[in-house]
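Both counts, for ligands and for their atoms, begin at 1 and track the order of listing. The structure displayed is predicted, hence computed values, not measured ones. Note: hydrogens, waters and symmetry copies are ignored here, and every other heavy atom, side chains too, is used.
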Amino acid sequence: MRTAPPVLELSIDALAAGGDGVGRGPDGRVVFVPFAAPGDRLRVRVIEERARFARGEIEAVLEPGADRVTPACAVFGRCGGCAWQHVAYAAQVDAKRAILGDALARIARLGAAPAIEFTASPTAYGYRGRARVLVSRGQVGFRQRRAHAVCAVTSCPLLLPALDRALGALAAAPPAHDGEWELAAGSDGRVRVAPLDAAARRRPAAREAGPDAIELEAAGERIRVSPGVFAQAHALLLDTLAAALLEAAGTGDTVLELHAGAGFFTLGLARRFAHVVAIESDPDAIRDLAGNVAAAGLRQVRVVEARVEAWLAGGEADRLGADVVVLDPPRGGIGALAAAALARSPARRLAYLSCDPATWARDLAVLLSHDWRLARVHGFDLFPQTPHVEALAVLERTVST
Ligand SMILES: C[S@@+](CC[C@H](N)C(=O)[O-])C[C@H]1O[C@@H](n2cnc3c(N)ncnc32)[C@H](O)[C@@H]1O
């Protein structure tokens, strides 16, 4: 006979990096609870027990915390996109700042980190300029939480109004073939709806972005981005993010830009440095990048198609001798070997932008174990209603090379 899982009453102290609320059970063990808000008093059913922590589900909200609010979306909890619509926006910002501080203390093992500057989103909803949706058997939506099935939607409150209208139109007349589609809004307000599956994307080899590219403007530069190529998703913070990264990079002779994408930062870097070497591995992004650099008439940019890790392992950073390095990797970060190669390069400043505080802090730990110090940390809330947060670290050499 199976015994019923234990039921606990607990208070939620904070929000964890993964998005769950965190409280302590009667034995002092940490309990992670999805959809809990700070200050909540909850009755929780324990569904998983480990030696050092447990996971539970809310059975009842006995007393809501002061920061618990009503979610804006009818499918919140079922859709895998959002985890924090039940938390007031100001409390989300506090939690993200704490998540960055925690990553620096626990993962980067920094005793004394600089104060974290933080840029909140100007709006808690209606900010996304890019989204991927699934089309499956006449339904359009996002992946369900912890499942592969589609959570059908006709609207999403995170999207820019124009993008939300495009989602509604797609849902009203779903395309015949199933797969992933991308909705993207350009800075001029034009919206592109494009399929992403390989067959639909196969096109003749082109040397620049095609007619289905969107145009993004930030910090005085303009780039074109093709379907499937990475583009920053928070449409209202493009300028802020680009300006912050460019300021962090400063000026100089040579900058090495890793993970350049379609060139969101590359053009601005080229106005500040005599030489830019931009590394990117996605062939579609490389084509957009090369086209954007050429359209801006910037001859001082060398575009290199390579995987950063392999490029660094080949000793290229040492040979290049850039005085500044900028990197903006995907969630997985760069890893210990690449971080060590960068640490040993002759650069004097490094700006590391990331959308994953845990891998960012892990890579920073490697860099900071060499002769580097953390000069500045800046968080950006590019993902309101979710636990995701963008982080920029500026590192400087402690000794001259
Ligand atoms: C977070 S995006 C940033 C792109 C660009 N900096 C921007 O802001 O638009 C990360 C980029 O790294 C590229 N990338 C992923 N893994 C890579 C690797 N191992 N080596 C080089 N580039 C990689 C992706 O194709 C993507 O364009």
Please report which non-hydrogen protein atom sits nearest to [atom], along with the residue it belongs to and the distance in Å to one decimal place.
atom	value
atom 8 (O) of ligand 1	Gln232 NE2, 2.7 Å
atom 12 (O) of ligand 1	His259 CB, 3.3 Å
atom 26 (C) of ligand 1	Glu280 OE1, 3.6 Å
atom 20 (N) of ligand 1	Val308 N, 2.8 Å
atom 23 (C) of ligand 1	Ser281 OG, 3.1 Å
atom 9 (O) of ligand 1	Phe230 CD2, 3.3 Å
atom 3 (C) of ligand 1	Asp328 OD2, 3.1 Å

| said: Would Pro330 count as a contact residue for ligand 1, given that I'm defining contact as a non-hydrogen atom of the residue lying under 4.0 Å from a ligand atom? | reply: yes
| said: Side chains of Arg373 and Thr398: any donor to acceptor distance under 3.5 Å? | reply: no
| request: Consider only side-chain N and O atoms of Tyr352 and Asp328, and report whether a donor and an acceptor are under 3.5 Å apart. | output: no
| query | Looking at CG of Asp318 and CG of Leu312, how far apart are the two atoms once the value is rounded to the nearest 0.5 Å? | reply | 9.0 Å
| Any idea which part of Trp311 is under 4.0 Å from ligand 1, heavy-atom wise: side chain, backbone, both or neither? | neither
| field | Short N or O distance, Glu257 and ligand 1, threshold 3.5 Å exclusive | value | no
